Amino acid sequence: MKNMTLKLLIWRQKDANSPGEMVPYTVENVSPHMSFLEMLDVLNEKIIKEGGDPIEFDNDCREGICGMCSLVINGIPHGTQHRTATCQLHMRHFKDGDTITIEPFRAKPFPVIKDLAVDRSAFDRIIAKGGYISVNTGSAPDANSIPISKEAADLAMDAAECIGCGACVAACPNASAALFVGAKISQYTFLPQGKPEAKRRALRMIEQMDAEGFGNCSNHGECEAVCPKEISILNIARMRREFLKAAIR
Amino acid sequence: MSQSNSKLDSKIPDGPLDKKWETHKNNIKVVSPANKRKHTIIVVGTGLAGASASASLAELGYNVKTFCIQDSPRRAHSIAAQGGINAAKNYQNDNDSVFRLFYDTIKGGDYRAREANVYRLAELSANIIDQCVAQGVPFAREYGGLLANRSFGGVLVSRTFYARGQTGQQLLLGAYGAMMRQVDLGKVEMYPRREMLDVIVVDGKARGIVVRNLITGAVERYAADAVILATGGYGNLYYLSTNAKNSNATAIWRAYKRGAYFANPCFVQIHPTCIPVSGDYQSKLTLMSESLRNDGRVWVPKKKGDNRPPNEIPEEERDYYLERRYPSYGNLVPRDVASRNAKYVCDEGRGVGETGLAVYLDFSDAIRRLGEDYIRDKYGNLFEMYERITGEDPYKTPMKIYPAVHYTMGGLWVDYNLMSTIPGLYVLGEANFSDHGANRLGASALMQGLADGYFIIPYTIGDYLANTDLPPVSTEEKAFEESEKEIQEFVKRLLSVKGKKTVMEFHRELGMIMWNKVGMSRNAKGLQEALSDIPALREEFWKNVNVPGDEKHLNKNLEFAGRVADFLELGELVAMDALQREESCGGHFREEYATPDGEALRNDEKFSFVAAWQYKGEGKKPELVREDLKFEYVKPTQRSYK
């Protein structure tokens with residue numbers, strides 16, 4: 001595969017209070033082995049050399065696990081590559097001459113900070129309400145004293161894989177955080193350690209989710225489709241069941 | 001170079017090795033519950049060490065202020081640890097024990113760590129697993145419902161606990177959850193998107209920090225009774241590393257400049273199994289977990305320049321060089337040994353791939369023996385990650401791997417209590433130097449981060465707070481004022497150079513110097529060159545760097561400029577330390593000091609010490625202070641994995 005020239009349309013916004021707009025850029029000599037973010041690095045280096053203001057985008061581990069990268073690429077959070085976070089998307093999936101639109105994750109609870117960087121602290125506030133098992137350091141029994149079936153541990157792990165990136169919210173027409181919250185609640189439903197505070201957890205996390213301004217889930221399924229960890233929408237059903245069990249006494 | 005011993009007191013408790021920690025705990029003071037809530041503790045960093053410390057200290061009743069550089073504390077780079085966490089549980093009945101874990105770690109570290117610290121780490125390892133299971137960490141399990149284990153390099157037992165290939169993620173989310181619970185209870189105040197730029201020392205004690213708010217650019221001051229740095233390692237000094245893009249040395253470097261000694265900076269771990277560099281745009285390197293070496297076989301062609309595709313090279317023309325040279329450990333030799341050997345075969349012209357800087361990690365035998373499903377269950381996510389990055393399917397063709405900078409054993413010097421040479425300044429996790437000597441074993445970083453945060457600092461910090469007179473400190477104090485002024489000037493200076501080269505260009509150049517001259521193998525000539533190249537580059541940086549934008553908005557280039565400025569100083573110290581250490585040990589390999597068959601040749605007579613460097617002011621040579629290492633329970637021998 002040869003190197004490519006790409007046209008980019010990128011959302012530029014000075015800060016939370018300024019209006020934004022799509023700005024066209026051309027980036028040349030893009031190797032198919034580059035990651036998407038490396039392509040943006042190359043563009044930023046060019047912008048800096050030309051005396052411009054580089055594009056801000058959040059990223060950290062660049063190996064698909066920290067959840068800090070975002071971006072809506074050609075209308076899809078994290079782009080078209082299945083089960084792939086933006087930082088793991090590689091340019092070999094694009095063609096020479098393509099036009100690519102790049103926008104921030106858009107949702108009311110995720111205000112833009114600058115350009116493509118958004119504030120996802122709402123997720124931390126939801127976790128603070130119950131995304132844990134309340135156990136103080138030092139009071140744990142021997143790890144093998146509670147057997148947990150392999151199936152249950154695997155299902156808990158499937159839910160626990162969520163990287164908290166927020167793509168589910170960005171993809172949802174209602175900007176619902178149901179998949180994110182559902183995954184955390186589900187993880188603990190499979191584990192005996194999670195049972196004692198299951199009701200309290202479901203009620204408090206869901207209350208906070210609503211307070212942050214996330215919309216309701218109406219079963220579009222877009223969240224699962226874009227999730228880089230392929231977190232199953234079944235987790236939303238489990239969340240609802242937990243909520244019902246907690247709400248009806 | 002003046003050297004002395006008197007300056008450093010490691011405070012290792014008396015008594016037999018296996019009683020030291022218990023005796024120490026019995027002897028140290030405890031702060032009463034009523035007094036705990038009068039103390040404020042600052043924690044910088046929210047990886048395993050920082051998050052676990054924040055949670056545990058808040059549970060005890062202290063007021064904790066926690067800072068992180070990312071948008072959320074859950075992003076800290078511990079999250080990327082893949083393979084697992086060691087613990088001496090002996091669940092596999094393979095004769096594991098606290099002593100064996102201690103011994104493996106000391107030996108793996110090539111006898112350059114403190115016995116007492118490492119023994120304590122091994123002792124605490126079992127509690128960590130208990131704690132994490134209680135938190136709901138979904139470790140891998142056997143069908144009977146009990147915990148599963150796997151093996152890692154440098155050991156002969158199976159003691160590594162894991163959660164698929166995302167062990168770090170799961171442990172971190174456990175610690176993060178525990179910390180967020182304390183946020184909800186009002187005991188932890190969380191400050192994300194803040195970069196620590198200074199430690200404030202008042203009357204000789206650490207009493208606060210100054211940070212930059214990365215969104216508004218405001219310089220903010222915070223006072224406390226003690227400060228904990230859990231800010232990770234400095235691998236990004238080499239530009240290309242497996243570290244996250246935001247990982248940096250600024251917090252520990254600024255602390256060094258305020259009087260905290262920097263220990264063993266030249267001990268840098270180069271991990272053998274990373275995805276090779278593909279081009280000059282490369283921004284980071286991705287690790288392929290060491291656990292893959294359980295089932296993958298490392299090889300190169302026997303012939304030089306053999307560029308046939310791997311499956312066309314017949315068995316008898318392949319060199320499984322690790323199995324050949326190290327029959328008892330085979331592919332599971334420690335990281336430093338595996339990396340060095342990969343370099344040797346590539347230097348001989350037997351490397352593979354487009355650049356010749358790669359070796360094969362081949363799973364075809366394991367797939368034949370155990371089936372593709374078994375391999376998928378064990379390593380599925382790693383294989384997928386590999387395919388995503390390279391476009392090649394490792395179920396069909398061997399992975400190509402090459403060593404990359406991964407972890408730094410060096411860090412701020414700490415005593416047995418994890419306190420630096422600045423009273424009241426504690427350093428946890430990768431940011432300190434304490435437990436891994438000259439080479440860290442796989443699955444031991446997670447263990448150390450959590451041991452420090454959950455089980456050591458909650459005890460040792462209490463002793464300091466109970467014994468120390470700590471009059472209230474206001475953020476209006478002169479020390480805060482001056483620090484803020486310095487930081488404002490530093491930021492202005494970076495923005496005002498308006499040169500021609502970008503921050504990334506400088507960082508890449510520095511990385512090349514470090515990798516070529518202070519990398520996998522080092523010699524006096526190269527190190528001396530580095531010692532003139534780095535200051536020259538630093539000088540150029542301050543004349544010719546181009547930092548765009550302003551300080552009042554989110555500005556990644558400005559953040560990076562400050563970090564690169566610090567790396568341009570730290571790099572020199574790393575080279576200086578590598579030059580003075582005239583021996584080879586662990587990750588520090590000096591070409592002049594090798595056995596005839598190319599193994600590291602230690603010099604215990606002259607170099608059985610921790611090299612702690614004391615900052616002496618700008619433009620002055622730092623002073624080397626030695627802490628001699630005493631080995632009472634293990635006898636240092638030539639490390640052999642043959």
Side-chain angles (χ1 to χ4, degrees), chain A residues 14-15 31 33-34 37-38 41-42 45 48-49 52-54 56 58-68 84 88 90 92 113-114 117 119-121 123-124 127-129 131-137 140-144 146-150 153 156-157 160-161 164 187-188 191 193-194, chain B residues 55-56 59 70-75 77 79-80 91 129-131 133-136 138-147 163-164 166 169-170 173 177-178 180-181 183-184 190 192 215 244-246 278-279 281-284 286 385 388-389 391 454 458 502 504 546 548-549 553-554 556-557:
Chain A
K14 195 170 170 226
D15 52 39
S31 156
H33 297 302
M34 276 181 191
L37 298 183
E38 284 166 347
D41 289 343
V42 170
E45 290 289 285
I48 297 168
K49 294 268 181 195
D53 198 12
E56 294 294 344
D58 272 326
N59 69 98
D60 199 18
C61 77
R62 295 200 178 192
E63 46 189 86
I65 192 73
C66 77
M68 193 156 171
T84 304
Q88 293 284 280
H90 280 66
R92 65 180 72 93
I113 294 168
K114 189 180 176 190
D119 178 356
R120 288 166 285 187
S121 54
F123 273 12
D124 290 324
I127 293 294
K129 293 296 171 189
Y132 42 78
I133 288 169
S134 300
V135 48
N136 281 359
T137 305
D142 182 83
N144 260 350
I146 320 161
I148 296 169
S149 75
K150 184 176 186 307
M157 183 64 200
E161 282 194 63
Q187 176 190 344
Y188 299 125
L191 305 170
Q193 304 94 301
Chain B
S56 305
E59 285 162 13
Q70 295 91 348
D71 68 327
S72 161
R74 65 181 288 157
R75 313 283 187 219
H77 195 51
I79 201 132
Y91 282 162
I129 304 303
D130 300 342
Q131 185 64 31
V133 166
Q135 287 173 347
F139 283 118
R141 285 174 186 270
E142 306 291 354
Y143 282 103
L146 303 183
L147 292 160
R164 289 190 192 145
Q166 292 120 289
Q169 180 199 24
Q170 294 309 315
L173 293 182
M180 293 313 286
R181 173 174 162 240
V183 169
D184 186 51
M190 185 65 228
I215 296 178
K245 293 304 285 179
N246 286 301
S278 69
Y281 48 80
Q282 192 95 28
S283 61
K284 76 144 321 184
T286 302
M385 193 200 282
R388 234 175 257 134
I389 292 171
Y454 282 136
T502 64
M504 201 185 279
N546 176 8
H553 293 89
L554 183 65
K556 286 260 158 64
N557 267 274

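Just so we're on the same page: letters track the sequence lines, and every chain starts at 1. Just so you know, these numbers use all the heavy atoms, side chains as well, and skip hydrogens, waters and symmetry mates. Note that the coordinates shown come from a computational prediction; the quantities given were computed from them, not determined experimentally.
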Could you measure the distance from the [atom1] atom of [X] to the [atom2] atom of [Y]? Nearest 0.5 Å is fine.
X	Y	atom1	atom2	result
B:N246	A:N59	CG	CG	6.5 Å
B:R164	A:M157	CZ	CE	5.5 Å
B:I389	A:Q88	CD1	CD	4.5 Å
A:S121	B:M190	OG	CE	11.0 Å
A:I127	B:L173	CD1	CG	8.0 Å
B:M385	A:T84	CE	OG1	11.0 Å

Under a 4.5 Å cutoff for heavy-atom pairs, which residue among [options] has the most contacts with chain A?
options	value
B:G144, B:G136, B:A80	B:G136
B:S72, B:P192, B:G549, B:A140	B:S72
B:R75, B:K245, B:E59	B:R75
B:S283, B:G177, B:S56	B:S283

Top contributor to chain B interface from [options] [non-hydrogen pairs under 4.5 Å]:
options	answer
A:A160, A:A140, A:P141, A:A143	A:A143
A:K49, A:M68, A:Q187	A:M68
A:D119, A:I48, A:D53	A:I48
A:G64, A:A153, A:A117	A:A153
A:I65, A:N144, A:L191	A:N144

Per-residue contact mode, [X] against chain A (heavy atom under 4.5 angstrom):
X	answer
B:L147	both
B:E142	backbone
B:F139	backbone

Under a 4.5 Å cut-off applied to non-hydrogen side-chain atoms, are [X] and [Y] in contact?
X	Y	result
B:I79	A:E63	no
B:Q131	A:V135	yes
B:R181	A:S134	yes
B:N557	A:P54	yes
B:R141	A:S149	no
B:H553	A:E56	no

Need one label for A:I148: side chain, backbone, both or neither, based on atoms under 4.5 Å from any heavy atom in chain B. both
By a 4.5 Å heavy-atom criterion (distance strictly below it), what part of A:E161 contacts chain B: side chain, backbone, both, or neither? both
Salt bridge or not between B:R74 and A:D124? Use side-chain N to carboxylate O under 4.0 Å. no
Sorted by chain and number, sequence neighbours left out, ring pair (Phe, Tyr, Trp, His ring centres under 6.0 Å) with A:F123 holds for A:F110, A:F180, A:F214
Partners meeting side-chain contact (heavy atoms from CB on, under 4.5 Å) with A:H33 (sequence neighbours left out): A:S31, A:R92, B:S278, B:Y281
Which pair of heavy atoms, one from [X] and one from [Y], lies closest together, and at what distance?
X	Y	value
A:Q193	B:V133	NE2-O, 2.6 Å
B:P548	A:G52	CB-O, 3.9 Å
B:Q135	A:Y188	O-CE2, 3.8 Å
A:P147	B:L146	CB-CD2, 4.2 Å

